[in-house]
Amino acid sequence: MKLWALLPVVLLAACSPQHSGPVPTAQEDRIINGKSVARDSQVANATVALMLVDGDRLRTFCTGTLVSKDLIVTAGHCLEPSQSGYEVVVSFGSETFSSKEDGDIREIDRAYSYDMVTPQMGDGTSRNINELRDVALIKLRTSAPKWAVPVAILGSDANLGAGQEVLLAGFGRTNEKVAAMSKYLLTTHVKIVSVQDNKITVDQTQGTGACWGDSGGPAFLQTEKGLVVVGATSGAAYGSVDCHTQVVYASLPGFREFLVKVASVLGGEAPVFLD
């Protein structure tokens with residue numbers, strides 16, 4: 001599943017020995033049958049792009065969700081580029097730009113993944129081996145733009161089940177076979193297949209869904225109390241390597257304790273959970 005975010009990084013290194021990065025490829029398809037969103041929509045106000053900095057250029061490689069004025073939820077594997085020495089920034093708005101000067105950019109202060117806080121035991125006895133652990137929390141160096149509106153997190157996955165429809169959002173690929181990320185935030189609706197072991201599996205056999213670059217991005221659920229985020233994209237389900245079968249999301253209600261604890265450690269504004 002880590003391949004989803006790391007592929008752009010591999011391409012970045014392979015295309016230039018001086019880390020100049022690849023030349024962006026024009027792409028006009030939609031996110032595997034996705035749709036654009038209004039710039040002032042709740043989804044656009046809460047969804048962000050994680051971008052690699054290469055000189056004066058930026059390149060999207062992951063997606064994330066604003067859950068408080070200075071905290072971003074994303075996939076754990078989306079932290080690996082920064083841990084490998086790449087500079088990563090957070091881009092706000094429904095459109096991304098290749099220059100820092102053009103976008104609404106925030107720098108990252110610190111970040112922790114679930115694995116960094118709760119290391120796996122060598123004998124595997126301390127946890128369910130099927131449990132998903134691919135989630136992380138990023139602290140911004142300065143607060144998000146005033147117009148950006150954090151989204152609440154669903155408090156319990158007991159409210160999730162097979163057949164429910166969720167809204168996916170991201171800046172990832174619009175075509176599995178073309179190594180180019182979307183310049184614009186795109187969304188699509190899919191249905192939940194199952195919820196277990198801190199993971200939400202969604203069905204993408206209907207010709208629409210998340211793909212490379214959408215890693216860490218949100219799965220939203222419309223509730224009586226409003227829109228809430230329930231998951232962060234991890235990648236293709238076990239046994240699959242494509243974007244058109246099943247995709248797994250980290251179930252954020254299952255990581256509630258981790259998110260609350262790390263938000264405090266990072267000194268960020270605590271996210272809101274709706275029960």
Side-chain angles (χ1 to χ4, degrees), residues 1-5 7 30-35 37 43 46-47 62-65 73-78 114 127-136 151-177 182 185-224 227-256 258-259 273-275:
M1 287 184 281
K2 294 180 180 178
L3 176 64
W4 272 32
L7 182 59
R30 295 300 183 189
I31 177 177
I32 311 180
N33 255 349
K35 297 181 179 179
V37 297
V43 172
T47 307
C62 266
T63 303
T65 309
V73 167
T74 190
H77 69 264
C78 290
Y114 185 81
R127 68 181 183 88
N128 180 347
I129 61 173
N130 295 314
E131 179 187 21
L132 184 68
R133 300 165 63 86
D134 193 20
V135 67
V151 65
I153 303 171
L154 185 68
S156 171
D157 59 13
N159 299 314
L160 297 174
Q164 277 184 304
E165 187 174 79
V166 289
L167 175 69
L168 311 184
F171 292 92
R173 284 194 187 189
T174 58
N175 187 319
E176 284 186 71
K177 298 180 180 180
S182 175
L185 177 64
L186 301 174
T187 64
T188 190
H189 289 88
V190 298
K191 291 187 176 181
I192 295 175
V193 174
S194 64
V195 182
Q196 61 180 359
D197 300 321
N198 283 354
K199 61 177 178 283
I200 302 169
T201 303
V202 300
D203 176 34
Q204 298 200 165
T205 61
Q206 303 305 305
T208 188
C211 201
W212 289 281
D214 292 318
S215 281
F220 292 112
L221 179 70
Q222 188 65 51
T223 71
E224 293 181 354
L227 195 70
V228 295
V229 60
V230 302
T233 322
S234 179
Y238 296 109
S240 176
V241 293
D242 57 54
C243 307
H244 55 265
T245 50
Q246 292 184 348
V247 166
V248 172
Y249 279 68
S251 176
L252 297 184
F255 290 96
R256 182 170 182 165
F258 160 78
L259 294 171
F273 289 84
L274 286 185
D275 295 307

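Everything quoted here is computed from the prediction, not taken from an experiment.
- S215 has its side chain within reach of H77: a pair of non-hydrogen atoms, C-beta onward, lies under 4.5 Å apart.
- Side chain of D214 to main chain of C62: no donor-acceptor pair is present (N/O by atom type, distance under 3.5 Å, no hydrogens or angles).
- Taking 4.5 Å as the limit, some side-chain heavy atom of Q204 sits within range of a side-chain heavy atom of V202.
- Residues F220 and T187 are not in side-chain contact: their nearest non-hydrogen atoms beyond the backbone lie 4.5 Å or more apart.
- Nearest heavy atom pair, residue L132 against residue F255, reads O-CZ, 3.1 Å.
- Side-chain contact between T63 and P218 is present, with heavy atoms from C-beta onward closer than 4.5 Å.
- Counting heavy atoms from C-beta outward, V73 and V135 have side chains that approach closer than 4.5 Å.
- Between V166 and Y249, the closest side-chain pair of non-hydrogen atoms is not below 4.5 Å.
- When side chains are defined from C-beta on, Q164 does not count as touching I200, because their heavy atoms never get closer than 4.5 Å.
- In terms of heavy atoms, A210 sits closest to T233 at CB-CG2, 4.2 Å.
- Here the closest non-hydrogen pair linking G216 and A232 is O-CB, 3.8 Å.
- Results of the side-chain contact (heavy atoms from CB on, under 4.5 Å) test with S156 over L160, L154, N159 single out N159 as the only residue that passes.
- Listed for the D203 side chain is a donor-acceptor partner under 3.5 Å among the backbone atoms of T205.
- Taking 4.5 Å as the limit, every side-chain heavy atom of L252 sits out of range of all side-chain heavy atoms of V230.
- Between the NZ atom in K199 and the OG atom in S194 there is a gap of 7.5 Å [rounded to 0.5 Å].
- Paired with I153 under the rule side-chain contact (heavy atoms from CB on, under 4.5 Å), one option of V228, L259, T65 passes, and it is L259.
- Taking OG1 of T201 as the start and CD1 of I192 as the end, the distance is 9.5 Å to the nearest 0.5 Å.
- Checked by atom type and distance alone, the side chain of D134 pairs as donor or acceptor with a backbone atom of G76 at under 3.5 Å.
- Of all the heavy atoms in V195 and G161, the pair that sits closest is CG2-N, 4.3 Å.
- To the nearest 0.5 Å, atoms CD (Q206) and NE2 (H189) are separated by 14.5 Å.
- With values rounded to the nearest 0.5 angstrom, L186 atom CG is found 11.0 Å from T47 atom OG1.
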